[in-house]
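Reviewing the structure listed below.
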Amino acid sequence: MLFRSRPVADAVADMAAREVRPDERHNLRAVVAALEGAAIVEALAERIQAAESEEELRPWLDLLAGTTRPSSVPAVERLLLDDGRAAVQEAAAAALAGIGDGRACRALADFGAEIPACREALARVRSPYAETALREIAASDPDAGVRATAQQALAGLA
């Protein structure tokens with residue numbers, strides 16, 4: 001399938017990061033967000049790992065944070081755990097919050113006690129698809145801070 005293609009993910013990510021025209025940049029970011037599965041996250045992860053400065057890192061993190069497909073959750077989780085830089089963890093957590101399904105919420109909760117960006121991102125989940133997972137997290141997560149942020153997210157859904 002084209003949307004799971006690594007060569008397509010590489011090409012679109014590179015175009016989106018280089019584009020300076022606002023309308024075209026917006027369109028390319030939407031294409032990146034629509035790509036399915038691990039291909040786009042893996043393409044971004046390679047570029048994130050190769051970045052040598054904050055300036056080089058920023059476009060890749062912005063694209064990662066805009067990832068919205070539930071099929072990307074496992075790859076985003078891997079990046080979250082493999083790269084301990086705060087900026088990378090913040091972007092990965094933002095992607096999970098934007099995906100906002102039950103698996104993404106569970107990932108944010110699972111890592112929320114150790115990774116502050118995950119706890120903060122959990123509070124920003126606004127997807128109605130997350131309600132069941134958020135209720136479970138708010139009621140039973142072992143970490144009080146994670147429970148509180150799940151409650152915040154639920155309040156935001158109301």
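All values below come from the heavy atoms of this structure, side chains included, with hydrogens, waters and symmetry mates left out.
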task = Starting at CG of Leu64, measure out to CG of Leu44 and round the result to the nearest 0.5 Å.
result = 6.0 Å

ask   = Within a radius of less than 6.0 Å around CD of Glu55, do more than 12 heavy atoms belonging to other residues, nucleotides or ligands occur?
value = no

query = Heavy-atom distance under 4.5 Å between the side chains of Arg103 and Leu96, does that happen here?
reply = no

ask   = Going by heavy atoms in the side chains, are Asp82 and Val88 under 4.5 Å from each other?
value = no

Reported CG-to-CZ distance for the pair Leu80 and Phe111, which is rounded to 0.5 angstrom = 6.0 Å

message = In the structure I gave you, are the side-chain heavy atoms of Pro128 and Glu131 within less than 4.5 Å of one another anywhere?
response = no

ask   = Is the shortest side-chain N to carboxylate O distance from Glu120 to Arg124 below 4.0 Å?
value = no

message = Exactly one of Ser71, Ser72, Ser5 should register a side-chain hydrogen bond (donor to acceptor under 3.5 Å, both in side chains) with Glu36. Which one does?
response = Ser71

remark   = Rounded to the nearest 0.5 angstrom, the CG-CG distance for Leu122 and Leu108 is 5.5 Å

ask   = With a 4.5 Å heavy-atom cut-off, do Leu61 and Glu90 have their side chains touching?
value = no

query = Would you say Glu19's side chain and Met15's backbone share a donor-acceptor pair under 3.5 angstrom?
reply = no

task = Might you work through the side chain to side chain contact (heavy atoms under 4.5 Å, CB included) test for Ile48 and Arg85, ending with a clear yes or no?
result = CA-CA 10 Å; Ile48 288 167; Arg85 293 177 286 180; 3.4 Å; yes

ask   = Quick check: does any side chain N or O of Arg126 sit under 3.5 Å from a backbone N or O of Ala123, one acting as donor and the other as acceptor?
value = yes

message = Asp141 and salt bridge (charged side-chain N to carboxylate O under 4.0 Å, His left out): which single residue from Arg135, Arg147, Arg119, Arg106 fits?
response = Arg106

remark   = Between Val146 and Ala113 the two heavy atoms that sit nearest each other are CG2-N, 3.9 Å

message = Would you say Tyr129 ends up clustered with Ile137 if hydrophobic residues are merged whenever their side chains have heavy atoms under 4.5 Å apart, either directly or through other cluster members?
response = no

key: Verdict with reasoning, Asp101 to Ser127, per side chain to side chain contact (heavy atoms under 4.5 Å, CB included)   = CA-CA 7 Å; Asp101 71 352; Ser127 171; 6.0 Å; no

note = Scanning both residues in full, the closest heavy-atom pair of Ala121 with Ala94 reads CB-N, 4.3 Å

ask   = For the residue pair Ala130 and Cys105, what are the closest heavy atoms and their distance?
value = CB-SG, 3.4 Å

message = I want to check something: taking the side chain as every heavy atom from C-beta on, are Val32 and Leu28 in contact at a cut-off of under 4.5 Å?
response = no

message = If I compare all heavy atoms of Ala45 with all of Leu79, which pair ends up nearest, and what's the gap?
response = CB-CD1, 3.9 Å

remark   = Of all heavy-atom pairs linking Ala17 and Leu63, the shortest is N-CD1, 4.1 Å

Closest approach of Ala33 to Thr68 (non-hydrogen atoms, all atoms of both residues) = O-OG1, 2.9 Å

ask   = Can you check salt bridge (charged side-chain N to carboxylate O under 4.0 Å, His left out) on Arg21 and Asp23, steps first, answer last?
value = CA-CA 6 Å; Arg21 296 169 293 180; Asp23 287 346; over 6 Å; no

query = Asp14 versus Arg47: any side-chain heavy-atom pair under 4.5 Å?
reply = yes

task = Nearest 0.5 Å please: distance from the CH2 atom of Trp60 over to the CD atom of Gln49.
result = 13.0 Å

inquiry  = So Asp110 and Glu77, do their side chains get closer than 4.5 Å, heavy atoms only?
reply    = no

query = Heavy atoms, side chains only, cut-off 4.5 Å: are Leu157 and Val125 in contact?
reply = no

